[in-house]
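Letters A, B, ... are given to chains in the order of the sequence lines, protein chains preceding strands, and every chain is numbered from 1. The figures here come from the full heavy-atom set of this structure, side chains too, leaving out hydrogens, waters and symmetry mates.
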Amino acid sequence: MKIATFNVNGINGRLPVLLRWLAEAAPDIVCLQELKTPAAKFPAAALADAGYQAVCLGQPRWNGVAILSRAGTIHETQRGLPHDPDPTQSRYLEAAIGGVIIAALYLPNGNPRPGPRFDYKLTWFEALIARAQFLMNSDAPVVLAGDFNVMPTDRDVYKPERWIEDALFAPEVRAAFARLIAQGWTDALRHVHPDATLYTFWDYLRDAYARDAGLRIDHLLLSPALVARLSAAGVDRHVRGWDKASDHAPTWIVLDDA
DNA sequence: ATGGCGGCAATGTGCCGA
């Protein structure tokens with residue numbers, strides 16, 4: 001089973017790129033972020049034509065997450081993050097598919113730091129940690145997938161010294177990510193590629209992609225039972241080079257059958 | 001320090017992203 005996460009940065013403007021990548025990569029389950037569209041304008045028919053059923057949590061203009069599946073029926077288990085400090089922001093959707101719980105999340109950016117946006121990021125992170133503990137306690141196989149807006153370590157940033165004060169790399173944020181991991185989650189990409197330089201985002205500005213000035217902020221975290229089933233992981237970074245690309249690249253794992 | 005790019009809702013331009 002191939003499971004991917006992709007921040008599309010506008011699902012309607014990105015639809016040709018998304019469909020092209022779905023046809024090429026053939027993932028079974030996909031978590032999408034930054035739909036930037038209300039549910040009424042979610043392109044469900046085009047995705048169904050491509051073979052994917054979908055659940056979506058939309059919102060006009062900003063945020064928005066969805067889960068696509070061609071692997072089995074989507075049984076939604078949670079819509080919105082419990083205790084989200086601002087429930088008007090659509091950032092969390094969770095479903096059971098083929099015996100695995102899939103959580104699609106879009107953690108707040110948090111800039112500028114300090115400020116109310118950064119405070120919201122930290123509060124949202126705490127609510128995520130609480131939900132993740134609940135899922136961990138359930139002993140179900142779980143994948144937490146999405147745009148975490150956190151580079152976990154120095155090797156996940158092209159120039160770490162320039163990002164210390166940024167909300168994506170600040171000590172408090174990395175500490176929160178480390179506490180989440182300490183519940184027992186495995187960072188799948190890093191597990192498969194312990195020493196590789198892996199990025200999932202390149203800014204539109206300053207030729208970031210051409211310079212490979214990237215960040216690794218899109219992650220798939222596995223509950224303990226899934227680690228033994230993890231057989232491959234990667235970033236489809238070439239998709240970032242396509243015309244009308246998102247600033248993120250699709251990131252994926254393959255799990256062997258149970 | 002600033003602004004560069006890009007999507008969206010909207011037609012002016014501002015907000016947001018990371």
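Taking atom CD on A/E34 and atom C1' on B/dG7, their separation rounds to 9 Å, with Å as the unit. Here the C1' atom of nucleotide B/dG17 and the NZ atom of A/K121 are 11 Å apart, to the nearest Å. Note: CZ (A/F169) to P (B/dG17) measures 20 Å, nearest angstrom. In this structure, A/Q89 places its CD atom 13 Å from C1' of B/dC15, rounding to the nearest Å. Counting to the nearest Å, the P atom of B/dC15 and the CG atom of A/N111 are 17 Å from each other. Between A/N7 atom CG and B/dC8 atom P the separation is 12 Å, expressed in whole Å. Rounded to whole angstrom, the span from the CG atom of A/D166 across to the P atom of B/dG17 amounts to 12 Å. Rounded to a whole Å, the CG atom of A/L107 is 12 Å from the P atom of B/dG17.
Across all strands shown, A/Y209 has no heavy atoms under 4.0 Å from either base or sugar-phosphate atoms. Nucleic acid contact for A/R113: none, since no nucleic acid atom lies under 4.0 Å from a heavy atom of the residue. A/N63 comes within contact range of no nucleotide atom at all, as no heavy-atom separation falls under 4.0 Å. Residue-level contact check: A/D207 touches neither bases nor backbone, having no heavy atom under 4.0 Å from any strand. Within the 4.0 angstrom heavy-atom criterion, no nucleotide atom of any strand lies near A/P112.
Scanning for side chain to side chain contact (heavy atoms under 4.5 Å, CB included) contacts around A/A233 gives A/L189, A/V192, A/I253, with sequence neighbours left out. Residues passing the side chain to side chain contact (heavy atoms under 4.5 Å, CB included) test with A/T123 are A/P85, sequence neighbours excluded. For A/P224, the side chain to side chain contact (heavy atoms under 4.5 Å, CB included) criterion is met by A/M136, not counting sequence neighbours.
For the P atoms, the distance from B/dA10 to B/dC15 is 15 Å, rounded to whole Å. On the P atoms, B/dT2 is 22 Å away from B/dT13, given to the nearest whole Å. Annotation: B/dA1 and B/dG12 have their C1' atoms spaced 27 Å apart (nearest Å).
The residue among A/P60 and A/Y106 whose nearest nucleotide of DNA chain B is located toward the 5' end is A/P60.
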Could you go through nucleotides 10-14 of chain B and list every protein N or O atom that sits under 3.5 Å from one of its N or O atoms, giving the distance for each pair?
none

Could you list the protein-to-nucleotides 3-6 of chain B atom pairs, N/O on both sides, closer than 3.5 Å?
residue, atom, partner, partner atom, Å
B/dG3, N1, A/R206, NH1, 3.0
B/dG3, N2, A/R206, NH1, 2.9
B/dG4, N2, A/R206, NH1, 2.1
B/dG4, N2, A/R206, NH2, 3.4

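Listed by first then second residue, pairs satisfying salt bridge (charged side-chain N to carboxylate O under 4.0 Å, His left out) with a partner in residues 122-145 of chain A read A/E94-A/R131, A/E126-A/R179, not counting sequence neighbours. Here ring-ring contact (aromatic ring centres under 6.0 Å, His included) pairs that include residues 239-258 of chain A, with residues two or more places apart or in two chains, are A/F201-A/H248, A/H238-A/W242. The stretch residues 37-53 of chain A participates, sequence neighbours left out, in these side-chain hydrogen bond (donor to acceptor under 3.5 Å, both in side chains) pairs: A/N12-A/T37.
Between A/F177 and A/H219, the ring planes lie tilted relative to each other; the angle falls in the 30° to 60° range.
The number of heavy atoms from other shown groups lying within 6.0 Å of CZ (A/R162) does not exceed 12.
As a member of the Ile/Leu/Val/Met/Phe/Trp/Tyr network built from side-chain separations under 4.5 Å, A/Y204 groups with nothing else and remains a singleton.
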Can you list the steps and then say if A/F169 with A/W163 is a ring-ring contact (aromatic ring centres under 6.0 Å, His included)?
CA-CA 6 Å; A/F169 197 54; A/W163 287 82; 7.9 Å; no
